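This report refers to the structure that appears directly beneath it.
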Amino acid sequence: MSDKTTALVTGANKGIGYEIAAGLGALGWSVGVGARDDERREAAVEKLRAAGVDAFGVPLDVTDDASVAAAAALLEERGHLDVLVNNAGITGGFDQEPTKADPAVIRTVVETNVIGVMRVIDALLPLLRRSASPRIVNLSSSVGSLTRQSLDNGQTGPLSMAYAPSKTFLNGITVQYAKALKDTNILINAGCPGFVATDLNGFRGVRTPEQGAAIAIHLATLPDDGPTGGFFEDAGPVPW
Ligand SMILES: NC(=O)c1ccc[n+]([C@@H]2O[C@H](COP(=O)([O-])OP(=O)(O)OC[C@H]3O[C@@H](n4cnc5c(N)ncnc54)[C@H](OP(=O)(O)O)[C@@H]3O)[C@@H](O)[C@H]2O)c1
C-alpha cells in the first residue's frame, strides 16, 4: 500500500488519457492506468515507468460491470484512491446525422461515455469517500455545449446524434452527482480538452494530447474550496 496520492485514469493507454496519467505522475502521484486491452495497458505502464512515473495497470472496460467491480477490488486492495479521471470515450464514428443515425451506435456511445462513467464512479465512490481531498474529473467536450451548438458557427463539429449529445448527457450527470455529493469533500467537474490530435478524430485535432490533458490535471488538483458541478476548458467555464 502506498501513502502517495493515488489516481485512476480510465482509457489511459493512449491519447489524452495517457498524458493525464503522465502529468499526474509527474506530480509524484501513483497513477492507475485503466485500460481494457492487456498489451496496450502494459505498454503504457512500461512507458510511464520509464519516464519515472509510479504507474500501475488496472484492467478496465467501463462498459462491463464485472470488469469495473474487479478494478474497484484491485484499488481497494492497494488501500486508497484520491482522484478518478473518467477519460475513456468513443465517438461511434461520424456518420450520425439526425434521421439517419443507427440507434445501436447511439446506445453503444451512451453506454461508454455516460453509463460507463456512472458505473465507474458508483463502484469507486466508497474508496473516494475515504480520501482527504477526493476529485472526480469527467472528460467532456464543448461539442456537448447546447449554447455553443446554438451559435451554429461550425465549432461544435459535424451533425451528431451520438457523440455530441452523449457529452451533453455527461455534463448533466456531472451536475447531478455534484448535487448529490454537495455535503461531502468530493469535487466533481467536467472538462473539455479542446480539439486534440488523437485516434478519436483521425489526428485532425490542432492541440497536442499534452495540451489536452492540462484541464483534467487542473481539475484533478483543485484546492478544497474549488468549484464543483462545473464545466471548464483552459480559458475558464464553458457555457452549458
Ligand atoms: N480528441 C479530442 O479532440 C477530444 C475533444 C473533446 C473531448 N475529448 C474526450 O477526451 C477523452 C479522450 O479522448 P482521446 O481523444 O484521447 O481519444 P483516444 O485516443 O481514442 O482514446 C480513447 C481512450 O478511451 C479508451 N476506451 C474506449 N472505450 C473504452 C472502454 N469501453 N473501456 C475502457 N477504455 C475505453 C480507449 O481504449 P482502447 O485503446 O482500448 O480503444 C482509449 O484508451 C474522450 O472522452 C473524448 O471524448 C477528446
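Everything numeric here is computed off the predicted structure, so don't read it as measured data. Indexing begins at 1, ligand by ligand and atom by atom, following the structure's order. Count residues from 1 along the sequence.
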Taking NZ, NE, NH1 and NH2 as the nitrogens, is one of them in Arg207 or Glu233 under 4.0 Å from a carboxylate oxygen of the other?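 Between Glu233 and Arg207 there is no salt bridge, as every charged N stays at least 4.0 Å from the carboxylate O atoms.
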
Is [X] atom [atom1] crowded by more than 12 heavy atoms from other residues, nucleotides or ligands, each under 6.0 Å away?
| X | atom1 | value |
| --- | --- | --- |
| Phe195 | CZ | yes |
| Gln155 | CD | no |
| Arg49 | CZ | yes |
| Asp102 | CG | yes |

Under 4.0 Å, heavy-atom basis, I'd like to know which part of [X] is in contact with ligand 1: side chain, backbone, both or neither.
| X | answer |
| --- | --- |
| Ser140 | backbone |
| Leu60 | backbone |
| Tyr18 | neither |
| Arg40 | side chain |
| Ile90 | side chain |
| Asp37 | neither |

Which one of [options] has a non-hydrogen atom at the shortest distance from [atom]?
| atom | options | result |
| --- | --- | --- |
| atom 6 (C) of ligand 1 | Ser142, Ala71, Pro193 | Pro193 |
| atom 44 (C) of ligand 1 | Asn87, Leu139, Thr112 | Asn87 |
| atom 4 (C) of ligand 1 | Gly205, Ser166, Ala44, Gly194 | Gly194 |
| atom 14 (P) of ligand 1 | Thr198, Thr63, Val9, Asp64 | Thr198 |

Distance under 4.0 Å to a non-hydrogen atom of [X]: what atoms of ligand 1 satisfy this?
| X | result |
| --- | --- |
| Leu200 | 1 (N), 2 (C), 4 (C), 15 (O), 17 (O), 20 (O), 48 (C) |
| Gly15 | 16 (O), 19 (O) |
| Asn201 | 1 (N), 2 (C), 3 (O) |
| Phe195 | 3 (O) |

Side-chain contact, heavy-atom cut-off 4.5 Å: Leu48 with Val31?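 Leu48 vs Val31: side chains apart.
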
So, do Val117 and Val62 sit near enough that their side-chain heavy atoms are less than 4.5 Å apart?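 No; the side chains remain at least 4.5 Å from each other.
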
Straight-line distance of [X] [atom1] to [Y] [atom2], nearest 0.5 Å:
| X | Y | atom1 | atom2 | value |
| --- | --- | --- | --- | --- |
| Ile186 | Asp82 | CD1 | CG | 11.0 Å |
| Ser141 | Phe231 | OG | CZ | 6.5 Å |
| Arg119 | Asn86 | CZ | CG | 12.0 Å |
| Thr10 | Asn138 | OG1 | CG | 9.0 Å |

Nearest-contact summary for atom 26 (N) of ligand 1 - protein heavy atom, Å: Ala88 CB, 3.8 Å

Under a heavy-atom criterion of less than 4.0 Å, does Arg207 contact ligand 1? no

Check for me whether Thr10 has a heavy atom closer than 4.0 Å to any atom of ligand 1.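 Not so, Thr10 does not reach ligand 1.
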
Could an N or O of ligand 1 be found under 3.5 Å from any N or O of Val62, whether backbone or side chain?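 Yes: some nitrogen or oxygen of Val62 is under 3.5 Å from one in ligand 1.
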
Hey, is ligand 1 close enough to Ala12 that some N/O pair sits below 3.5 Å? no

Let me see the working for Asn87 and Tyr18 under side-chain hydrogen bond (donor to acceptor under 3.5 Å, both in side chains), right down to the final yes or no. CA-CA 10 Å; Asn87 165 81; Tyr18 177 87; over 6 Å; no

